[in-house]
Amino acid sequence: MERPDDRIASALRFATELVAWVATPWALSKYSWLLAVLAVVILIGLPTVFSTPGDKAQVIIPVSGTVTILLVLLQLVAAAIASWLAWPVYAAALVSLLVATTLVMERQRWRWLLSTDRRTA
C-alpha cells in the first residue's frame, strides 16, 4: 500500500497541533505553570522523537503506526478539551469543528500507518 497524498490532512493536523500547543498550556496555567510547560514539552517532544518510518523524513526513534496514531489523537484531544477550558464558546466550537474535520481527513493516512505492507510514494 502506497502512502496517500495527505497534504490537506497534514495542514489540518498541523493547525490542530498549533491549537493544542497554545490552548493546553493556557488552560493548565490556571493551576500550575510547571504543568503548562510540561504539557508543551510532551505535546511537541513526543511526536518529534517518536515517529513511524516512511511517515517523516527523519526518524529519531522508530515506532509502529499505532503509536503515531495515538500521538495524533493525543494532540486532537488536547486541542479539543483545552480549548473548551481556556477559550470562549465560539472559539472552542471552531476548534471542535477543526478536530472533527481532521479526524475525517486522517483516515487514509491512518489506514496506511496500520497496514503491514507500508510503502512510501
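To the nearest 0.5 Å, atom CG of residue L76 and atom CG of residue L98 are 8.5 Å apart. Interatomic distance, CG of L12 versus OG1 of T102, reported as 4.5 Å (0.5 Å rounding). Atom CD1 in I60 sits 8.0 Å away from atom CD in Q58 (nearest 0.5 Å). Rounding to the nearest 0.5 Å places OG1 of T24 at 9.0 Å from CG of L85. Separating the CG atom in L46 from the OG atom in S51 is a distance of 11.5 Å, to the nearest 0.5 Å.
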**Verdict with supporting geometry, V72 and E106, side chain to side chain contact (heavy atoms under 4.5 Å, CB included)** = CA-CA 9 Å; V72 171; E106 280 284 289; 4.1 Å; yes

**Message:** Applying side chain to side chain contact (heavy atoms under 4.5 Å, CB included) to W33 and L28, what does each step give before you reach the verdict?
**Reply:** CA-CA 7 Å; W33 68 268; L28 290 174; over 6 Å; no

**Worked verdict on D55 versus R3 for side chain to side chain contact (heavy atoms under 4.5 Å, CB included)** = CA-CA 8 Å; D55 191 43; R3 190 177 196 288; 2.6 Å; yes

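Side-chain atoms of V99 and V77, non-hydrogen and from C-beta on, never get closer than 4.5 Å to each other. With contacts defined as side-chain heavy-atom distances shorter than 4.5 Å, the pair W21/V40 does not qualify. Side-chain contact check for W110 versus T66: every heavy-atom pair is 4.5 Å or farther apart. Using a 4.5 Å heavy-atom threshold, the side chains of W112 and D6 count as separate. Side-chain contact between V95 and W87 is present, with heavy atoms from C-beta onward closer than 4.5 Å. When side chains are defined from C-beta on, T68 does not count as touching F50, because their heavy atoms never get closer than 4.5 Å.
When hydrophobic clusters are built by joining Ile, Leu, Val, Met, Phe, Trp and Tyr residues whose side-chain heavy atoms come closer than 4.5 Å, directly or via intermediates, V19 is not grouped with L94. Placement of L38 and L71 within a single hydrophobic cluster is found when ILVMFWY residues are connected by side-chain heavy-atom separations under 4.5 Å, directly or transitively. Residues I44 and L34 do not share a hydrophobic cluster, defined by chaining ILVMFWY side chains whose heavy atoms lie under 4.5 Å apart. A continuous path of hydrophobic side-chain contacts links M105 to I69 [ILVMFWY only; heavy atoms under 4.5 Å]. No chain of hydrophobic side-chain contacts below 4.5 Å, direct or via other Ile, Leu, Val, Met, Phe, Trp or Tyr residues, connects V22 to V37.
For CD1 of I8, the number of neighbouring non-hydrogen atoms (other residues, nucleotides, ligands) closer than 6.0 Å is 12 at most. Environment of CH2 in W26: sparse, with no more than 12 heavy atoms of neighbouring residues, nucleotides or ligands closer than 6.0 Å.
Judged by distance alone, the side chain of R107 and the main-chain N or O of V104 form a donor-acceptor pair under 3.5 Å.
Shortest non-hydrogen contact noted between A86 and K30 is CA-NZ, 4.2 Å. The two residues P62 and P53 come nearest to each other via the heavy atoms CB-CG, 3.7 Å. Minimum interatomic distance between A20 and A78 (heavy atoms only, all atoms of both residues): CB-CB, 4.2 Å. The two residues S83 and A92 have their closest heavy-atom pair at O-CB, 3.6 Å. Between T16 and Q75, the shortest heavy-atom distance links the atoms CG2-O, 4.5 Å. Across all non-hydrogen atoms, the minimal contact from S64 to T52 is O-OG1, 3.1 Å.
A donor and an acceptor atom, one from each side chain of S10 and R13, are located under 3.5 Å apart.
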